Every structure is written in C-alpha cells, then in structure tokens.
Amino acid sequence: MSATEREHVMPPRPLIPWTMALCAGMCISCVLVLNIAADALLRERAPAVGPLWAIPFAAAVFVVLAQSCARLAPWKRWLYAASVGLVAGAVVSAWWAVGALNSSKALDGRAASSLEFAVQGDPSINDDVYSYTCEARADGKNLATVRLSCDRELKVGAHVRVIGRVLRFENDAYGRSRVLRGEVRKVKAVRIVSVDEGSPVPLLRLRNGLLASIAPATDPARALIAGVVCGRSAELRAQPAGDWFSVTGTAHLIAVSGSHLAIVGFVIESALQMTRCSRGLQRALLAVTLVAYAAFTGASPSAVRACCMVAATLVANGAGRRRHGLSALFVTMSIFMLLRPTVLFEMGFQLSCASVFAILCFCPYATYALGELGVPTGIAGILSVTLCSQLATVPITVPAFGTFSLIAPLANAVIAPVVSVLLAVSIVLAPCSLVPLLRPWSLVVPMIAARCALFFEQLFAAVPGASVSVPPDSIWIYLVPLSLAALLVWWPRPRARPMAAGLLCLALAVVVPYVYWDRFAPPLVTILDVGQADAILIRQGGTVALVDCGLDERVVTALVRNNVHHIDAVFVTHWDEDHWGGLPDVLEQFSVGTIAVAANALEDAPAEVLNRSGVEYRQVRRGDTVDIGAFRARVMWPFESVDGEGNEDSLVLLLSYAQEGKSLRMLLTGDAELDQEREFAQEVGDIDVLKLGHHGSKVSVDGELLDVLRPELSIASAGEGNRYGHPSDACVDAVRKAGGAFMCTIERGDITITPTAKGFAMRCQRP
C-alpha cells in the first residue's frame, strides 16, 4: 500500500488500557480527600471524614462485581484496577493531608523571623511582587511548604530570612488553589534580612549562570529564549508579550513538555550518531540527558511527565516490545499521584495530561477527516494536534482564563515551527554565552528566531476577535470533552462525512457567537468592573463605543469578557489616569476609530495616546451629539473650553435610546461633582439611570439633585478597599432616601443595562 493510499484509510480505534481505570480511581479519591483537607486548612476546623466512607465502599462494590457478575467478565481487569486506584489514591492523599495539617499546626504562633525559607522554584511576578514556593525550616527541620511574597528576585535554592507575617490563605479560589498544591500558609515579607545562595548543585549553577547571561528581564526576545531553553517564563508573562501567547493559544509552546524533549532529543541523538557508541549506549545516554534537561528546566510536572513517557518508550524499544503511548501516560500519571498527590491540582500537569490523551486518541481521526476535506497532509497534522489539545483542555483553560482562542489553530501552524527552530538553535548556541569571548555573538541567531516568533505572536494577537470570552460556569465547556469521550466509546468507526459535519458544527458554534456580538449585538450599556476607575461600554448592532478606559490593562480583560472585538469611538471624559490609563492597552489590542475629548482638552492629552495611526481625534462641545448605533449621546458639560485636567472639566454625556417601543435615558458624569451637575440638571430632567460622578464620592449627588434627575438606579464604579472610601456613605444614603436603587461594581462586577418597553432591565456579573 502506497503512502497516499494509507493517508485515506480510516485510522483504527485506539486501544484504551486498563491502567486508565487505575488512574481514574486514584484521581477521584485524591480529589475527594484533598478537598476535605483543604476545607480543614482554610476554615480552621477538623476535617469532615463522612464522605470518605464512599471510597472503600465503591472499591468493594467493584471487586464484588468483578468477581461475581459474569456479564462484566470482560471488564474484570478494569474493575479491579479501579478499586485498587480508589484505595491507593485515598491512602497517599490521606497521608499527605495528615502531614499538611501537622505542618499547619507547626506554624501556629511562629513569627516569620524565626524561620528560614528555602526557595523551591521560579517566581510568579505580579506588579513587581515576586512570589515563591518555599520550604519553611526551623532548627534544621522542614516544617511546611509556604508561599513567600517579597519585592526582589531570589534564585532557586537560596535560603532566606525575612521579617514579615505568616498568614493563613483566605478561603477563596486563589487560597484553595494554593493549598491544594501543597502550600499551607502564605508569608508576606516586609524586609529581607539575609539571603544565602549556598552552593547549588551543578545543574542549578549552570541554569543560574545561563539565565544571568541571557538576562530575560531586559528584552521580550531574551525572555522568550529563557522560557524556551531554561523553562523560566516569569519575565515573559510579566511583559505585554506574554499576553500575546495567551490570546493566540500558543502558551504551551513556552512550557517545557514533550515537544521540547523531542527537539532536544533529536539534537542530542544527532550528535550521538556521529560517535561510535553502540545503539544501547546511545539510548542510555539519551535518556540520561533528557532527565538532566528536565531537571535543568525546573522539573515541571509537564516536563517530568514527558521525560517518563520517553523513558518508557526507550525501554519498550530496547526490550523489543510494542510501545503504547496511552499505557505510558496512565502509568506515569499514577506514579506521579503516588509520589505527590497534590500534582493533580497543578495546571501544567492537568493541561499536559489532557492534551496528550486527546492527541493520542483523536489526532489520527482529526487528521483523516481534515484530509478528506482536502486539507494537505502536513497542515492537517498540525491543525489536528492543535484542535484536539485545545478542545480537550477547554474545561481547564476557560475557568482559569475566561477566554477561548479562535486563532489558535492558525497561530500554532505558523508559530510552532519558528519556536522549534528557536529551541534547536538556542540549545546549541545559548550555552556559548557562558564563555566571555563568545558572549557577544552567541545569542545573535537565537535573538533573530525569538524576534521572528514575537512578530507573528503580535500579528495574530492583534487580529480582531483572536480570542473570545466564555463564561467560566458555562455547561458547554464540559460538553465538548464529553462529546469527544462519547465518540471514542460509542463510535468506534467514524465515517468521514459525519466527522466533517461535526467539524462544521464545531466551527459554526465558534463563529456564530463571534458574528452575533460583532454585528448583531443588542442595545446595552455596561459599567465595567475595572477597579478604582471608570470604563463604560455602549453597543448596539455592530457599533461599539467606550466612555473612559480605566486605569490599566484590566479594561482589556473586561472588554474581552464582554465579547468586544473592535471599538468605533472612545470618549475620554478628562485626563485623570483612572479614566485614560488603560487607553494605550486598548489601542494595542483593539481597532479604534475615533478618540473624542472635550473642546481644547486634546492639547493636554498624554503623549501615549496621540499620533496613533488610523485613529481620528475629535473635540466635542456642549450640544454636540454622537450616534452610537441607535443610541444618541449628547454633550451636556462642559459649557466652555477646558484643558481636561480637573474633575470639573469632565465630559458629561446624556445617553438616550428610543426604538421599537424601547427607551432608555442614562446620564454619564465622569468625575463631575455637585457644582457642575447643578448647572445642567434642569435641562437633563428625568432619567432612568445615573452613573454617579467621581466613583460615588460624598460630593457626587445630594437629595436636591436627585429630586430633579429622579433616577430609578444609580451606579458607582469603584475598587474594593480603595483608600478614598468610595462609594461614600453620604452618597449611598442620599440615593436610597430619594427612593432609587444603588449598585456598585465592587459587589456586582460588570453591571449591564438594557432598554425595554417598560423602562430597562439590569444584569450583573455577580448576583
């Protein structure tokens, strides 16, 4: 049979090994036990052991069914494996839980200054705060694993003494995630007393030296090289370039995993083949080198998982046995959970295992279906890998990030080869930077490859609608992988036409929401939750406007969350940073048609927002009107030309909608206060909704003004725990005494107002 004929033969159904039942049983019992332990650690109470009786009971039922039910004889091995997995997972996770509870008690009453912290891995960087996983020690003994936050970079393996506070994690999503990963307390360092870097092992010394010569904090391209070669992506994620990888769905290209080891293995094997070593010795050296590389890059779960699977494959080949990827995957996962059950809650491990499982099971089917649709074989292979891994990881990525990348298949097809070249050349040339004489030119070629990768990343990330927001609690994110599982179990011989129809339905499921929000959005006004700042989204049909842009990049997150793909006009009420600070990020991520400000305020505009290619700048005056779809925005203030520097210069818009029997009148006041609002209140008259001025400060409204405007709903945009005390009690009391409802983004998140025939409807992000 020729290669062309083989391409058009239906791939066989994958063989699912019984080790899958073993792994599934361990996962279930570990999740149950560890969550009970997390409840105890977060709520400071004794763990509730009642639900744990279900584990041995289920294991006993499986054993009885396997032993006595003739109809289940073909599944006997699976039932036994599931029962063993349930018991084994319960034992190891209970052992960890007891240790975690004892560790937590050991830290009770201890001051941070009495402990020594050993840094275990690379940091996460957020707003110049470095957070590390550390081992807390006292008197030479390890007491517990903690999360240390400080204001400076520390090297892996460093021993640190600090003055600070040892605190329990809050009982929220972040706190639970850290506890489930094995960190029982958090430590906030006020001051670092001493840092002892000690004598790191050779691999760690080599890694630290290579990172120092690469200097990832100095340039995005260098940060990408550090991420790809050394497995350190903290600096890249802290830069805007890190967001490009998230938007394009290519973040996995940075994480050290199977594809990295395959490329590194290819480079090493090519070098070994030039020697006269025997085939067996070459395999042994290759395995040792890959293990060393996994350790060199920080021994992330995805890297170690890939390393174990490669080792299993080498052993199988050496023994003359047929290799089986799924068996290697489930055995590796089981070993991981036996050694450290908390690895089950690390996102890198979850993404790695889910994507590998999907690729091994469904990639041949997807490649075949794409081939039947006329897609060239090479492109079909790349697209099928991306599609399978992306769909399988939807239940993990969407709850964590709230977005789904539409451009990921195309971006991966273009960028993955570039990153592969970057890794191959960097593995060879980057170590040369450790030699002083070679340092000036050793990174020239890797830098070219890295800049090429970043160019494509920025290009794809800038495509309107490159990613769309998906509600994290949507049931659809779980139906996708369940549908794939059903295909695997009940559809052993899928045909090309049904598969093509399924791919078409999937494409429509993605495209239809995009087209709907981009061209047929209903009329609505959304007060975006962007912290202690203002940003108001107005849209109808294909027209989108934004009034103010928040303080920082959170406005981009909020716009993505609300399915915004382009912006026709941005109104900046005045030049306080909490109203324009996010505008540069908006201009980078979205196509913006017009920036509008009050008359003469453009002269004092920040340099970051001026001279943008393709953007029209407009100054509006009192009485001017701007149509936003079926909405009409009328300028009510200022009466005269202003410089836009003070609150009293705020652009105030009266927003009205009247179409198909639906109506809405809403006043957007920026940071305007009573002295300004009294000047135009009589002209505005009765309104439905008032966006309170100056985040609901005590001088934003009073009873007299509210008697004139008579809003049914007043909304304040403010940040939790802000130092100004916004919204003020005086403002809230005035609104309620006037008989209106009060809402704030602190409690409600995004607040959306929709015109109706009976006034308006309100929808909040948080109930």
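Treat the numbers as computed from the prediction; the structure is a model and nothing was measured.
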**Fill in**
salt bridge (charged side-chain N to carboxylate O under 4.0 Å, His left out) filter on R147, not counting sequence neighbours, yields E183
**Prompt:** Among all residues two or more places apart in sequence or in another chain, which pass the salt bridge (charged side-chain N to carboxylate O under 4.0 Å, His left out) test with E153?
**Reply:** R232
Rounded distance (nearest 0.5 Å) linking atom [atom1] of [X] with atom [atom2] of [Y]:
X: L338; Y: C30; atom1: CG; atom2: SG; answer: 8.0 Å
X: C27; Y: L32; atom1: SG; atom2: CG; answer: 13.0 Å
X: L41; Y: S104; atom1: CG; atom2: OG; answer: 5.5 Å
X: E135; Y: T145; atom1: CD; atom2: OG1; answer: 3.5 Å
X: Q532; Y: T745; atom1: CD; atom2: OG1; answer: 8.5 Å
X: M337; Y: T342; atom1: CE; atom2: OG1; answer: 11.5 Å

**Asked** For T397 and L351, what are the C-alpha separation, side-chain angles and deciding distance, and is it a side chain to side chain contact (heavy atoms under 4.5 Å, CB included)?
**Response** CA-CA 8 Å; T397 56; L351 295 173; 3.7 Å; yes
**Message:** Quick test of your reading: applying side chain to side chain donor-acceptor pair (under 3.5 Å), list the pairs with at least one residue in residues 214-224, sequence neighbours left out, ordered by first then second residue.
**Reply:** D219-R451
**Asked** Any side chain to side chain donor-acceptor pair (under 3.5 Å) pairs touching residues 347-359, not counting sequence neighbours?
**Response** R305-S352
Going by the rule ring-ring contact (aromatic ring centres under 6.0 Å, His included), which residues pair with [X] if we only count those two or more places apart in sequence or in a different chain?
X: Y293; result: none
X: H726; result: H694, H695, Y724
X: F349; result: F336

**Request:** Could you check V444 against W441 for side chain to side chain contact (heavy atoms under 4.5 Å, CB included), going step by step and ending with a plain yes or no?
**Result:** CA-CA 5 Å; V444 172; W441 60 268; 4.2 Å; yes
State plainly whether the residues [X] and [Y] are in salt-bridge range, i.e. N to O under 4.0 Å.
X: D108; Y: R185; answer: yes
X: D529; Y: R554; answer: no
X: K141; Y: E116; answer: no

Quick one, [X] and [Y] - any side-chain contact, counting heavy atoms below 4.5 Å?
X: L42; Y: R168; result: no
X: L454; Y: L224; result: yes
X: L22; Y: F330; result: no
X: V31; Y: F345; result: yes
X: L236; Y: W244; result: no
X: R176; Y: N171; result: yes
X: I192; Y: R152; result: yes
X: Q765; Y: R561; result: yes

Which atom pair, heavy atoms only, marks the closest approach of [X] to [Y]?
X: V195; Y: A158; result: CG1-CB, 4.2 Å
X: L551; Y: A533; result: N-CB, 3.6 Å
X: Y132; Y: L154; result: OH-N, 2.5 Å
X: A461; Y: Q589; result: O-OE1, 4.2 Å
X: C134; Y: F117; result: CB-CB, 4.1 Å
X: V419; Y: A453; result: CG2-CB, 4.4 Å

Using atom types as modelled and distance alone, determine if a side-chain donor or acceptor of [X] lies under 3.5 Å from a backbone N or O of [Y].
X: Q390; Y: S405; result: yes
X: S29; Y: L86; result: yes
X: N722; Y: G719; result: yes

**Pair T297-C230, side chain to side chain contact (heavy atoms under 4.5 Å, CB included): steps then yes or no** = CA-CA 5 Å; T297 56; C230 302; 5.6 Å; no
**Message:** Side chains of T133 and Q120 only: does a donor on one sit below 3.5 Å from an acceptor on the other?
**Reply:** no
Give every donor-acceptor pair under 3.5 Å between a side-chain atom in residues 422-437 and any protein atom, sequence neighbours left out.
| from | atom 1 | to | atom 2 | distance (Å) |
| --- | --- | --- | --- | --- |
| S426 | OG | L422 | O | 2.6 |
| S433 | OG | S213 | OG | 2.9 |
| S433 | OG | A430 | O | 2.6 |

**Message:** Show, in sequence, the C-alpha distance, side-chain angles and deciding distance for V33 and I55, and conclude whether the side chain to side chain contact (heavy atoms under 4.5 Å, CB included) test is met.
**Reply:** CA-CA 10 Å; V33 174; I55 295 174; 3.9 Å; yes
Can you list everything that forms a side-chain hydrogen bond (donor to acceptor under 3.5 Å, both in side chains) with [X]? Sequence neighbours excluded, please.
X: T250; result: T248, E457
X: R137; result: N142
X: E170; result: K186

**Request:** Check the pair D122, R207 against salt bridge (charged side-chain N to carboxylate O under 4.0 Å, His left out), reporting the backbone distance first and the verdict last.
**Result:** CA-CA 12 Å; D122 292 327; R207 184 174 189 260; 2.6 Å; yes
I'd like a table of donor-acceptor pairs (distance under 3.5 Å, sequence neighbours excluded) in which one partner is a side-chain atom from residues 90-103, with atom names and distances.
| from | atom 1 | to | atom 2 | distance (Å) |
| --- | --- | --- | --- | --- |
| S93 | OG | G89 | O | 2.5 |
| S93 | OG | A90 | O | 3.3 |
| N102 | ND2 | V98 | O | 3.2 |
| S103 | OG | G99 | O | 2.8 |
| S103 | OG | L143 | O | 3.0 |

